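Contents: one structure, followed by commentary.
Everything numeric in this text was worked out from a predicted model, so none of it was measured. Order of the sequence lines sets the chain letters (A, B, ...), proteins ahead of strands, with each chain counted from 1.
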Protein chains: 2
Amino acid sequence: MKEIYIETAKEGLQRQGYKLTGPRLAIIRYLAGEKGHPDIRQIFTRIRSEHPGIGIATVYRTVDLLLELGFLRAITIKKNQLRYEVNWPGDHHHHLVCKGCGRVIEFGSCNFQLISKEIEKVTRFRIEEHILEAYGLCHDCLPGKQHYSTEKM
Amino acid sequence: MKEIYIETAKEGLQRQGYKLTGPRLAIIRYLAGEKGHPDIRQIFTRIRSEHPGIGIATVYRTVDLLLELGFLRAITIKKNQLRYEVNWPGDHHHHLVCKGCGRVIEFGSCNFQLISKEIEKVTRFRIEEHILEAYGLCHDCLPGKQHYSTEKM
DNA sequence: GATGCAGTTGATAAAGATTATCATTTATTA
DNA sequence: TAATAAATGATAATCTTTATCAACTGCATC
């Protein structure tokens, strides 16, 4: 799975005329193995540990490129802080974000397609993708259990 | 409707021990009459035209406060740019964002409650709110009509 | 394998956005 | 009206993101 993603991304870049450079490959490989939802800074820090000398600007540029080509998805967990995740082919999921501890839980069920056709008809809009994020409290942070993290939403 | 919102927000602030200051009232009144989805800078500029001397820091502080008290909602239209809208009581809608011109269309239909109970049961998460945003092309920007705006997403 | 070139990179400056600080002002209560 | 804590505006400080540009590199061609 991970290897397929890496190969697909490499082919995608080349097919669109982008070069397969060291920094780009390092970023793709790192992301393919990342299960969480890192932000730019985390990506930068992790890459630099194995690829010293990489510049933050390159991380910004590459992430933007991967977003554009559809190999990454951006989600908003905390305000003013985008986080990224691999856009595995065929995968479709959304996020539960805990307001207490900041934990992110993925869930796959989504019934949006039941109404998207109707919305398209009424609004004459062509929907290409959607993002659904739910906010609340995870089991550990529900009242009664006082396990709130200090991380502020 | 607009007046009710203003009064409700005023009461809300006072009930929670916050003072009803000139800048706060000006921001609340402006937002109550705003139909779009302004960002911080737009709010600041508009307020300053009728309330010269207001500081940008106060706008940040007040918007954060109104968000916290539930009188505002934040949405992500362009990456790294939050926009705000009044959280009218009882209103529940989502957004279609056109990748061509940036236009935002609101739609009310949302069938998320059909599955949210199931998600809560499986994940033991208590869902308090959710955000759904769909991206695509509005009728004017569909291929064939070349009316793309220069504003980049 | 060497060469040429456009695309890419890293460093860093510049621009923008957000937050922190603090003296002054103001809403509210008594 | 006076006392008080909260709020404000100015601005410094901090972060984040983008722009610039000389140096470098992947890749196509020979």
d(CZ, R48(A); C1', dT9(C)) in whole Å: 15 Å

Selection: residues 8-17 of chain B, any non-hydrogen atom under 4.0 Å of DNA chain D: none

Covered region of DNA chain D, 5' end to 3' end, by chain B [heavy atoms, under 4.0 Å]: dA5(D) to dT17(D)

Ring pair (Phe, Tyr, Trp, His ring centres under 6.0 Å) partners of H37(B), counting only residues at least two apart: H95(B)

Please tabulate, for side-chain N and O atoms in residues 10-28 of chain A, each donor-acceptor pair with protein atoms closer than 3.5 Å (sequence neighbours left out).
residue : atom : partner : partner atom : Å
T21(A)  : OG1  : R24(A)  : N            : 3.4
R24(A)  : NH1  : K19(A)  : O            : 2.8

Listed partners of H92(A) passing ring pair (Phe, Tyr, Trp, His ring centres under 6.0 Å), at least two apart: H94(A), H130(A)

Any side-chain heavy-atom pair of T76(A) and L82(A) under 4.5 Å: yes

Positions of residues 22-34 of chain B (non-hydrogen atom under 4.0 Å from DNA chain D), listed by number: P23(B), R24(B)

Side-chain donor or acceptor of Y5(A) paired with backbone N/O of F71(A) under 3.5 Å: yes

Sole residue of E129(B), E133(B), E85(B) in salt bridge (Lys or Arg N to Asp or Glu O under 4.0 Å) with R73(B): E85(B)

Separation between NZ of K2(A) and CD1 of I6(A), rounded to the nearest 0.5 Å: 5.5 Å

Results of ring pair (Phe, Tyr, Trp, His ring centres under 6.0 Å) for Y30(A) - residues two or more places apart only: none

Whether N111(A) side chain and N111(B) backbone form a donor-acceptor pair below 3.5 Å: yes

Contact pattern, 5' to 3', of nucleotides 17-23 of chain C - B, S or - by protein heavy atom under 4.0 Å: SBBBB--

Toward the 5' end of DNA chain C, by each residue's nearest nucleotide, K19(B) or V59(A): V59(A)

CD1 (I4(B)) with more than 12 external heavy atoms under 6.0 Å: no

F44(A) vs V63(A), side chain to side chain contact (heavy atoms under 4.5 Å, CB included): CA-CA, chis, key distance, verdict: CA-CA 10 Å; F44(A) 176 56; V63(A) 164; over 6 Å; no

Nucleotide-level pairing of DNA chain C, given in dot-bracket where Watson-Crick and G-U pairs need both distances under 3.5 Å and | marks other strands: ||||||||||||||||||||||||||||||

N or O in side chain of T58(A) less than 4.0 angstrom from dG10(C) OP1/OP2: yes

Qualifying side chain to side chain donor-acceptor pair (under 3.5 Å) pairs, either residue in residues 38-52 of chain A, two or more places apart: D39(A)-Q81(A)

With sequence neighbours excluded, residues passing salt bridge (charged side-chain N to carboxylate O under 4.0 Å, His left out) with E106(A): none

hydrophobic_cluster_shared for I77(A) and V86(A), side chain cutoff 4.5 Å: no

Test salt bridge (charged side-chain N to carboxylate O under 4.0 Å, His left out) applied to R29(B) - qualifying residues, sequence neighbours left out: none

